[in-house]
Protein chains: 2
Amino acid sequence: MPDATPLDPEQLAAYFALMEVGNLLQHAVDQQLRDEGGLSFIQFQILAVLSEAAGGRGRMTDVADRLVHSRSGLTYQVSLLAEAGLVAKEASAEDERGVVVTLTAQGRDLLDRVMPGHIEVVQRVLFTPLSDRDVAELGDVLGRIRAHMRTLPPRSAALRRRRGEASRASDKR
Amino acid sequence: MPDATPLDPEQLAAYFALMEVGNLLQHAVDQQLRDEGGLSFIQFQILAVLSEAAGGRGRMTDVADRLVHSRSGLTYQVSLLAEAGLVAKEASAEDERGVVVTLTAQGRDLLDRVMPGHIEVVQRVLFTPLSDRDVAELGDVLGRIRAHMRTLPPRSAALRRRRGEASRASDKR
DNA sequence: TATTGTTATACTCTATAACTATA
DNA sequence: TATAGTTATAGAGTATAACAATA
């Protein structure tokens, strides 16, 4: 192990635990979603994000930023969902470049159908060993981390930025 | 949204936050690892798990279970690492079926070289908005969740189990 | 008979770059 | 000139099933 570490062992352990827990949990729910709904976890996330949004709709780039997708990757996934009739795409009224994705009734139904089993898995795998107080603490800390992360440059901006930097040859740091 | 929910809103929010934070963080560190070490996050995890283990070595199945991999997937990744000279594979002494993977000096060097930048990213993305107390709490709760998850049937066992059940036709539930 | 690990294969997902169209 | 989104393409990763070898 390296020596000059600005990250103390407690932080490193928390970081590794976070990654392991996240991966194991994702794997468990992915299994459930495929078995019961024919959905990948990412497709479920897209549906869930839309269902939380006002009007069950959102713009492509906004969704991509929240779900760690390249825009082409999101196009791909949303196309699959649209083929399955779970979402619908329309041109944005305000900005004709934009595309608004809307959850269909069918999509909402599928979400409702999948949710109970989904929640059962999350309950069993994630929350069983936690007290109510633990859950509150966890939610609080993770919420603050998420808020912080959202202040960092988003993925779509990072791409544009990088392209921009490359073309500005005079911008040597 | 479904109605009969045994998962209260606070739990659901914590669950979604966990997934979003995990994905965003993984994306950030994956970028750093590829840029500075030519490693995917999973390859890094394999090296890290080995470096933590006694003697810098471990058995294939054990590593696979910790890292949420099918065994064939681990074979693939370990092969890549072995080609790159970062790990070495030997037949197990006790169990001739088994394969023991060992971190090479080169692998340790790469880990050391990549760690400072890695830790910088984790520090910046994950820990910036947290107090020491937050870190302690987070580590504690996540550690307990991980311990709980490890008591659940591991991936390799699940596969065997499933195969076993299918062959036992009398085992109708 | 069960378990370890590998191989072959097929598939899913993702990102990059080039492109179109609108702001 | 910059941004939204799509497409084509190519590559990485994963899992499944069949297999060989050992317990």
Side-chain angles (χ1 to χ4, degrees), chain A residues 23 26-27 30-31 33-35 38-46 58-65 67-83 89-101 154-168, chain B residues 23 26-27 30-31 33-35 38-46 58-65 67-83 89-101 154-168:
Chain A
N23 283 331
Q26 176 156 345
H27 212 277
D30 195 85
Q31 200 68 42
L33 289 167
R34 284 180 198 278
D35 289 351
L39 289 174
S40 68
F41 179 63
I42 293 144
Q43 290 162 357
F44 168 79
Q45 277 186 308
I46 294 173
R59 263 181 82 148
M60 294 289 281
T61 299
D62 296 340
V63 178
D65 282 341
L67 300 183
V68 193
H69 258 288
S70 65
R71 283 178 301 161
S72 70
L74 185 66
T75 296
Y76 171 73
Q77 291 294 347
V78 169
S79 298
L80 293 182
L81 292 174
E83 270 179 47
K89 298 166 79 170
E90 324 153 51
S92 166
E94 320 145 350
D95 184 342
E96 292 215 10
R97 297 171 304 181
V99 171
V100 174
V101 187
R155 310 236 335 100
S156 52
L159 281 173
R160 284 174 224 133
R161 169 74 88 94
R162 212 169 295 160
R163 223 186 312 163
E165 281 176 356
S167 60
R168 262 180 278 138
Chain B
N23 283 332
Q26 176 157 345
H27 212 276
D30 195 85
Q31 200 67 43
L33 289 167
R34 284 181 199 277
D35 289 350
L39 289 174
S40 68
F41 179 63
I42 293 144
Q43 290 161 356
F44 169 78
Q45 278 187 306
I46 294 173
R59 263 183 83 149
M60 294 288 282
T61 299
D62 297 340
V63 178
D65 281 341
L67 300 183
V68 194
H69 256 289
S70 66
R71 284 178 300 160
S72 70
L74 185 66
T75 297
Y76 171 73
Q77 292 294 348
V78 168
S79 298
L80 293 181
L81 292 173
E83 270 180 45
K89 298 166 80 170
E90 324 153 52
S92 167
E94 319 144 352
D95 184 343
E96 292 215 11
R97 296 171 304 181
V99 171
V100 174
V101 186
R155 310 238 334 103
S156 53
L159 281 173
R160 282 175 225 132
R161 170 74 88 94
R162 211 169 298 161
R163 224 185 310 164
E165 282 176 354
S167 60
R168 262 181 277 138

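Below, read A as the first sequence line, B as the second, and so on, with proteins coming before strands; counting in each chain starts at 1.
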A.B. asks: Taking CG from N23(A) and P from dG13(D), how many angstroms apart are they, rounded to a whole number?
C.D. replies: 14 Å
A.B. asks: Mind listing the N/O atom pairs, protein and nucleotides 6-12 of chain C, below 3.5 Å?
C.D. replies:
{"residue": "dT6(C)", "atom": "OP1", "partner": "K89(B)", "partner atom": "NZ", "Å": "2.5"}
{"residue": "dT6(C)", "atom": "OP2", "partner": "T75(B)", "partner atom": "OG1", "Å": "2.5"}

A.B. asks: For S72(A), which residues count as a side chain to side chain contact (heavy atoms under 4.5 Å, CB included) partner, sequence neighbours excluded?
C.D. replies: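 Per chain and number, S72(A) pairs via side chain to side chain contact (heavy atoms under 4.5 Å, CB included) with S70(A).
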A.B. asks: Using whole Å, report how far CD of Q26(B) lies from C1' of dG13(D).
C.D. replies: 12 Å
A.B. asks: Which residues satisfy the side chain to side chain contact (heavy atoms under 4.5 Å, CB included) test with S92(A), sequence neighbours excluded?
C.D. replies: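 Testing S92(A) for side chain to side chain contact (heavy atoms under 4.5 Å, CB included), a comparison that skips the adjacent residues, returns E94(A), D95(A), V100(A).
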A.B. asks: Using whole Å, report how far CG of D30(B) lies from P of dG11(D).
C.D. replies: 18 Å
A.B. asks: What's the spacing between R97(B) CZ and M60(B) CE if we round to 0.5 Å?
C.D. replies: 14.5 Å
A.B. asks: Restricting to ring-ring contact (aromatic ring centres under 6.0 Å, His included), what partner residues turn up for F44(A), sequence neighbours left out?
C.D. replies: H118(A)
A.B. asks: Of all the heavy-atom pairs spanning Q77(A) and S40(A), show the shortest one and how long it is.
C.D. replies: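 Q77(A) and S40(A) have their closest heavy atoms at OE1-OG, 4.4 Å.
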A.B. asks: Figure out the CG/C1' separation between L67(B) and dA15(D), and round it to whole Å.
C.D. replies: 16 Å
A.B. asks: Whole Å only: how far is the CG atom of D35(B) from the P atom of dA15(C)?
C.D. replies: 14 Å
A.B. asks: Considering heavy-atom distances to DNA chain C, does G73(A) or G98(B) have its closest nucleotide positioned more toward the 5' end?
C.D. replies: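 Upstream on the strand: G98(B).
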A.B. asks: According to side chain to side chain contact (heavy atoms under 4.5 Å, CB included), who are the partners of Q45(A), at least two apart in sequence or on a separate chain?
C.D. replies: F41(A), I42(A), L67(A), M19(B), N23(B)
A.B. asks: Do I46(B) and L74(B) come within less than 4.5 Å of each other through their side chains, counting heavy atoms only?
C.D. replies: yes
A.B. asks: Suppose we screen for side-chain hydrogen bond (donor to acceptor under 3.5 Å, both in side chains). Which residues come up paired with Q26(A), at least two apart in sequence or across chains?
C.D. replies: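 Checked Q26(A) against side-chain hydrogen bond (donor to acceptor under 3.5 Å, both in side chains); zero matches.
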A.B. asks: May I ask you to evaluate whether H69(B) reaches the phosphate of dG5(C), defined as a side-chain N or O under 4.0 Å from OP1 or OP2?
C.D. replies: no
A.B. asks: Axis-to-axis angle across the helix from dT1(C)-dA23(D) to dA23(C)-dT1(D), five pairs an end, to 10 degrees?
C.D. replies: 10°
A.B. asks: Please list each protein N or O that sits under 3.5 Å from an N or O in nucleotides 20-23 of chain C, with the distance.
C.D. replies:
{"residue": "dA23(C)", "atom": "OP1", "partner": "E96(A)", "partner atom": "N", "Å": "3.1"}
{"residue": "dA23(C)", "atom": "O4'", "partner": "R97(A)", "partner atom": "NH1", "Å": "3.4"}

A.B. asks: Not counting sequence neighbours, which residues clear side-chain hydrogen bond (donor to acceptor under 3.5 Å, both in side chains) with D30(A)? List them please.
C.D. replies: R34(A)
A.B. asks: Could you tell me the separation between the CD atom of E83(B) and the P atom of dA12(D), rounded to a whole number of Å?
C.D. replies: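 Taking atom P of dA12(D) as the reference, CD of E83(B) is at 12 Å.
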A.B. asks: Considering residues at least two apart in sequence or located in another chain, which fulfil the salt bridge (charged side-chain N to carboxylate O under 4.0 Å, His left out) criterion with E96(A)?
C.D. replies: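 Not a single residue meets the salt bridge (charged side-chain N to carboxylate O under 4.0 Å, His left out) criterion with E96(A).
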A.B. asks: How close do Q43(A) and G38(A) get, counting heavy atoms only, and between which atoms?
C.D. replies: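 Closest approach of Q43(A) to G38(A): OE1-O, 4.1 Å.
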A.B. asks: Let me know the distance between CZ of F44(B) and P of dA12(D), rounded to the nearest Å.
C.D. replies: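 Answer to the nearest Å: 21 Å.
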A.B. asks: Within this structure, what is the CG-to-C1' distance between L80(A) and dT6(D), rounded to whole angstrom?
C.D. replies: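 Distance check: L80(A) CG to dT6(D) C1' gives 14 Å.
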